[in-house]
Protein chains: 2
Amino acid sequence: MGVTKIENFTKSQNHLAMVAKALGHPARIAILEHLLKLNSCICGDLVEVLPLSQATVSQHLKALKEAKLIKGNIEGTSVCYCIDADTWKYSKQMLNQMFDKYHDNSCC
Amino acid sequence: MGVTKIENFTKSQNHLAMVAKALGHPARIAILEHLLKLNSCICGDLVEVLPLSQATVSQHLKALKEAKLIKGNIEGTSVCYCIDADTWKYSKQMLNQMFDKYHDNSCC
DNA sequence: AATATTAATCGTAATATTGCAATAAACAGA
DNA sequence: TCTGTTTATTGCAATATTACGATTAATATT
């Protein structure tokens with residue numbers, strides 16, 4: 001079916017999965033790293049940094065925007081992208097919460 | 001084409017993306033949470049906990065195993081799953097490294 | 001040996017993702 | 001207004017994912 005049974009899982013499980021899914025492509029990781037590196041908004045030079053066409057980059061940006069990991073502000077002809085602070089912090093916290101639950105006592 | 005251009009990205013970008021992709025489904029988050037909750041190996045009662053068929057759960061377990069987030073040990077007729085400590089710690093570190101790079105100075 | 005239990009795999013259908021060329025939309029400057 | 005610049009969208013093809021029933025494989029139990 002290829003369609004996830006979202007309704008059977010908790011809100012937080014779905015949120016974590018949604019964020020993780022958005023992070024689940026090297027191009028999108030690269031986009032975020034670029035945003036973090038410049039430590040400010042960037043305006044469109046992403047296409048030159050990435051080994052992908054403009055259309056494809058735009059699609060990946062859309063995916064990140066849909067997961068609310070980034071925001072895009074229109075500035076004249078170009079668009080200014082930056083990390084969405086709220087989702088970023090929340091996701092960081094959720095991920096840490098999960099990753100911290102493990103305490104090295106595996107039986108296998 | 002539906003095929004990711006992995007070769008154009010760095011090793012660490014691909015690793016992060018691979019782990020994130022494995023986390024990118026609520027069922028797989030639920031599986032990991034269950035493993036963390038029991039804090040030990042569980043064998044197959046996952047199928048009863050999750051709202052999915054045995055075949056589907058097995059598929060999700062395979063995805064987590066392929067990302068090396070979990071390990072599976074055969075124990076008689078059943079299989080014992082647990083978190084893979086190495087990948088877990090490494091991924092946690094990589095994710096934190098990325099998430100910590102953001103310092104609240106958004107211009108938009 | 002025959003049967004039951006458990007988990008993986010196969011086959012299949014529906015849907016999603018990835019990628020790009022082509023086009024559209026929105027705006028700036030001449 | 002016309003032209004260039006920048007980003008989004010559309011349309012399409014190739015491949016991947018999700019889900020499940022049916023089957024297989026491996027080991028226990030009787």
Side-chain angles (χ1 to χ4, degrees), chain A residues 1-9 13-14 17-31 34-35 41-67 69-82 108, chain B residues 1-9 13-14 17-31 34-35 41-67 69-82 108:
Chain A
M1 328 220 148
V3 64
T4 300
K5 286 179 146 190
I6 279 175
E7 66 280 7
N8 294 306
F9 299 96
Q13 285 169 342
N14 280 313
M18 202 188 67
V19 169
K21 197 174 181 180
L23 296 177
H25 193 289
R28 294 196 288 270
I29 296 287
I31 289 173
H34 195 67
L35 281 172
C41 295
I42 55 126
C43 309
D45 44 308
L46 271 169
V47 177
E48 285 160 46
V49 177
L50 296 174
L52 295 168
S53 76
Q54 184 267 321
T56 306
V57 172
S58 188
Q59 219 170 235
H60 283 303
L61 286 166
K62 193 181 175 188
L64 288 169
K65 266 187 283 181
E66 273 167 3
L69 281 167
I70 65 173
K71 287 191 284 190
N73 277 41
I74 298 165
E75 276 191 3
T77 336
S78 58
V79 177
C80 169
Y81 292 105
C82 62
C108 40
Chain B
M1 330 224 149
V3 63
T4 298
K5 286 178 144 190
I6 279 175
E7 65 281 7
N8 294 305
F9 299 98
Q13 285 169 341
N14 280 313
M18 202 189 68
V19 170
K21 195 173 183 181
L23 297 176
H25 192 290
R28 294 195 288 269
I29 296 286
I31 288 173
H34 196 68
L35 282 173
C41 296
I42 56 129
C43 314
D45 42 307
L46 270 170
V47 178
E48 284 160 49
V49 176
L50 295 175
L52 295 167
S53 76
Q54 184 266 321
T56 305
V57 172
S58 188
Q59 223 171 230
H60 283 303
L61 286 167
K62 193 182 175 187
L64 289 169
K65 264 187 287 180
E66 273 167 2
L69 282 167
I70 64 173
K71 286 190 284 188
N73 276 45
I74 298 165
E75 275 189 5
T77 336
S78 56
V79 176
C80 168
Y81 290 106
C82 62
C108 42

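Within every chain, numbering begins at 1; the chains are lettered A, B, ... in the order of the sequence lines, protein sequences first and strands thereafter. Heavy-atom basis, side chains included; hydrogens, waters and symmetry copies ignored.
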Margin query: Of the options D/dC20, D/dA16, D/dA26, whose atoms approach the side-chain atoms of B/Lys21 most closely?
Written below: D/dA16
Checklist line | Shortest side-chain distance from B/Tyr81, nucleotide among C/dA8, C/dT6, C/dG19 | finding: C/dA8
Next item on the list: Give the rounded distance in Å between these two atoms: CG of A/Asn8 and P of D/dC20.
Entry: 9 Å
Next item on the list: Indicate, with a heavy-atom threshold strictly under 4.0 Å, whether A/Thr56 touches base, sugar-phosphate, or nothing.
Entry: base
Notebook entry, point to check: Any idea which of C/dT5, D/dA8, D/dT9 is nearest the A/Val79 side chain?
Noted result: D/dA8
Next item on the list: Between B/Leu61 and A/His60, just flag the one whose closest nucleotide in DNA chain C comes earlier from the 5' side.
Entry: B/Leu61
Notebook entry, point to check: Once the angle between the rings of B/His25 and B/His60 is folded into 0 to 90°, is it parallel (under 30°), tilted (30 to 60°) or perpendicular (over 60°)?
Noted result: tilted
Next item on the list: Would you mind reading off the distance between A/Asn73 atom CG and D/dT7 atom P, rounded to a whole angstrom?
Entry: 13 Å
Notebook entry, point to check: Looking at D/dA19, does its base get a donor-acceptor pair with the side chain of B/Gln59 below 3.5 Å?
Noted result: yes
Notebook entry, point to check: Reckon B/Leu52 touches a base, only the sugar-phosphate, or nothing at all at heavy-atom distances under 4.0 Å?
Noted result: sugar-phosphate
Notebook entry, point to check: Looking at the side chain of A/Gln54, which of D/dT17, D/dC20, D/dT7 is the nearest nucleotide?
Noted result: D/dT7
Note to self: Side chain of B/Thr77 only, heavy atoms from C-beta on: which candidate in D/dA8, D/dA28, D/dT18 is closest?
What the structure shows: D/dA28
Note to self: Working note: B/Leu61 + B/Leu46, criterion side chain to side chain contact (heavy atoms under 4.5 Å, CB included); need CA distance, chi angles, decisive distance, verdict.
What the structure shows: CA-CA 10 Å; B/Leu61 286 167; B/Leu46 270 170; 3.9 Å; yes
Next item on the list: Mind calculating the distance between NE2 (B/His25) and C1' (D/dA16) to the nearest angstrom?
Entry: 13 Å
Margin query: From C-beta outward on A/Ala55, which listed nucleotide comes closest to its side chain: C/dA21, D/dC20, C/dT6?
Written below: C/dA21
